[in-house]
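Quick notes on the structure that follows.
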Amino acid sequence: QVQLVESGGGLVQAGGSLRLSCAASGRTYSRYTMGWFRQVPGKEREFVAVTSRSGGNTAYGDSVKGRFTISRDNAKNTVYLQMNSLKPEDTAIYYCAAGQYVSTWARAAEYGYWGQGTQVTVSS
């Protein structure tokens with residue numbers, strides 16, 4: 001069992017930066033692939049970024065490549081999402097997710113644990 005709590009969301013102007021954090025409970029945190037997804041009301045959940053169990057491998061959605069960076073600190077049971085050059089279209093609720101057996105990183109259904117989400121709003 002893993003419990004996830006996101007923080008760091010808020011309101012920022014276009015071009016600005018935010019860093020999201022996701023704190024995980026449980027002693028087996030390092031066994032989980034960790035991902036970030038986002039969702040706008042009325043749309044499907046969108047893959048943003050993922051990091052492997054060790055943090056050695058990462059992947060990003062096309063819309064955030066070059067602007068967002070995912071990282072994890074297994075000693076602190078925390079995964080981060082550094083978001084730079086934010087755009088109004090990045091406005092969404094951002095969710096942290098954990099999966100123990102994830103083969104397709106961008107597929108939300110493969111993650112068994114989710115946080116409650118944190119709102120990110122980018123004004124133009």
Side-chain angles (χ1 to χ4, degrees):
Q1 287 275 346
V2 176
Q3 292 185 324
L4 306 173
V5 179
E6 301 99 334
S7 61
L11 174 64
V12 64
Q13 288 190 331
S17 298
L18 281 175
R19 188 174 84 152
L20 305 183
S21 298
C22 173
S25 66
R27 294 176 292 176
T28 60
Y29 166 76
S30 62
R31 298 180 185 177
Y32 291 84
T33 297
M34 300 297 298
W36 286 97
F37 289 75
R38 65 187 183 187
Q39 191 168 23
V40 174
K43 293 190 176 181
E44 289 189 358
R45 199 160 288 192
E46 177 190 8
F47 168 71
V48 174
V50 64
T51 178
S52 62
R53 299 173 184 179
S54 68
N57 292 304
T58 59
Y60 298 90
D62 288 342
S63 60
V64 307
K65 279 181 183 175
R67 299 188 299 122
F68 291 10
T69 302
I70 188 171
S71 61
R72 68 189 294 166
D73 185 337
N74 285 349
K76 295 183 178 179
N77 282 15
T78 302
V79 62
Y80 304 97
L81 185 68
Q82 178 67 43
M83 305 186 295
N84 298 329
S85 303
L86 282 162
K87 304 175 182 179
E89 50 263 44
D90 294 318
T91 296
I93 299 174
Y94 283 71
Y95 296 92
C96 175
Q100 201 164 7
Y101 306 107
V102 178
S103 58
T104 304
W105 287 3
R107 188 166 178 259
E110 298 206 17
Y111 295 80
Y113 302 96
W114 293 84
Q116 82 288 351
T118 185
Q119 176 72 47
V120 171
T121 302
V122 184
S123 63
S124 57

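Numbers here simply count residues along the sequence, with the first being 1.
- Both Leu81 and Val2 are members of a single hydrophobic cluster when ILVMFWY side chains are connected at heavy-atom separations under 4.5 Å.
- Cluster annotation: Leu18 is connected to Val64 through the hydrophobic network of ILVMFWY side chains, with a link wherever side-chain heavy atoms come within less than 4.5 Å.
- No side-chain donor-acceptor contact under 3.5 Å links Gln100 and Arg31.
- Judged by distance alone, the side chain of Thr118 and the main-chain N or O of Tyr94 form no donor-acceptor pair under 3.5 Å.
- For Lys65 and Asp62, the salt-bridge test passes: some basic side-chain N is under 4.0 Å from an acidic carboxylate O.
- Glu110 contributes no side-chain N or O that, together with a main-chain N or O of Gly99, makes up a donor-acceptor pair within less than 3.5 Å.
- Of the possible polar contacts, none joining the Gln3 side chain to the Ser25 backbone as a donor-acceptor pair under 3.5 Å is found.
- Rounded to the nearest 0.5 Å, atoms CD1 (Ile93) and OG1 (Thr121) are 9.0 Å apart.
- Of the inter-residue distances, the one linking Met83 atom CE with Thr69 atom OG1 reads 11.0 Å to the nearest 0.5 angstrom.
- Between the side chain of Arg107 and the backbone N or O of Ser103, no donor-acceptor pair lies under 3.5 Å.
- Screening residues 105-124 for ring-ring contact (aromatic ring centres under 6.0 Å, His included), with sequence neighbours left out, gives Tyr32-Tyr113, Phe37-Tyr111, Phe37-Trp114.
- Scanning all heavy atoms of the two residues, the minimum distance from Gly56 to Ser52 falls at N-OG, 3.4 Å.
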Could you list the donor-acceptor pairs under 3.5 angstrom formed by side chains in residues 7-17, with sequence neighbours left out?
| from | atom 1 | to | atom 2 | distance (Å) |
| --- | --- | --- | --- | --- |
| Ser17 | OG | Asn84 | OD1 | 2.9 |

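- Rounding to the nearest 0.5 angstrom, the gap separating the CG atom in Asn77 from the SG atom in Cys22 is 10.0 Å.
- A 6.0 Å sphere centred on CD of Glu89 holds more than 12 heavy atoms belonging to other residues, nucleotides or ligands.
- For the atom pair OG of Ser30 and CG of Asn74, the computed distance is 5.5 Å after rounding to the nearest 0.5 Å.
- At a cut-off of 3.5 Å, with distance as the only test, no side-chain donor of Gln82 or Ser71 sits close to an acceptor on the other residue.
- Each of Leu4, Ile70, Val50 was scored for a side chain to side chain contact (heavy atoms under 4.5 Å, CB included) with Val79, with one residue passing: Ile70.
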Inset, instruction - Please step through side-chain contact (heavy atoms from CB on, under 4.5 Å) for the pair Met34 and Tyr29, ending with a clear verdict. - result: CA-CA 9 Å; Met34 300 297 298; Tyr29 166 76; 3.8 Å; yes

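- Neither Phe47 nor Trp36 shares a network with the other; the hydrophobic side chains, linked directly or stepwise wherever heavy atoms of I, L, V, M, F, W or Y lie under 4.5 Å apart, form separate groups for each.
- To the nearest 0.5 Å, atom CZ of residue Arg72 and atom OG1 of residue Thr33 are 7.0 Å apart.
- Between Arg45 atom CZ and Arg38 atom CZ the span is 13.0 Å, to the nearest 0.5 Å.
- Following chains of ILVMFWY side-chain contacts shorter than 4.5 Å, one can reach Tyr60 starting from Leu20, so the two form part of one hydrophobic cluster.
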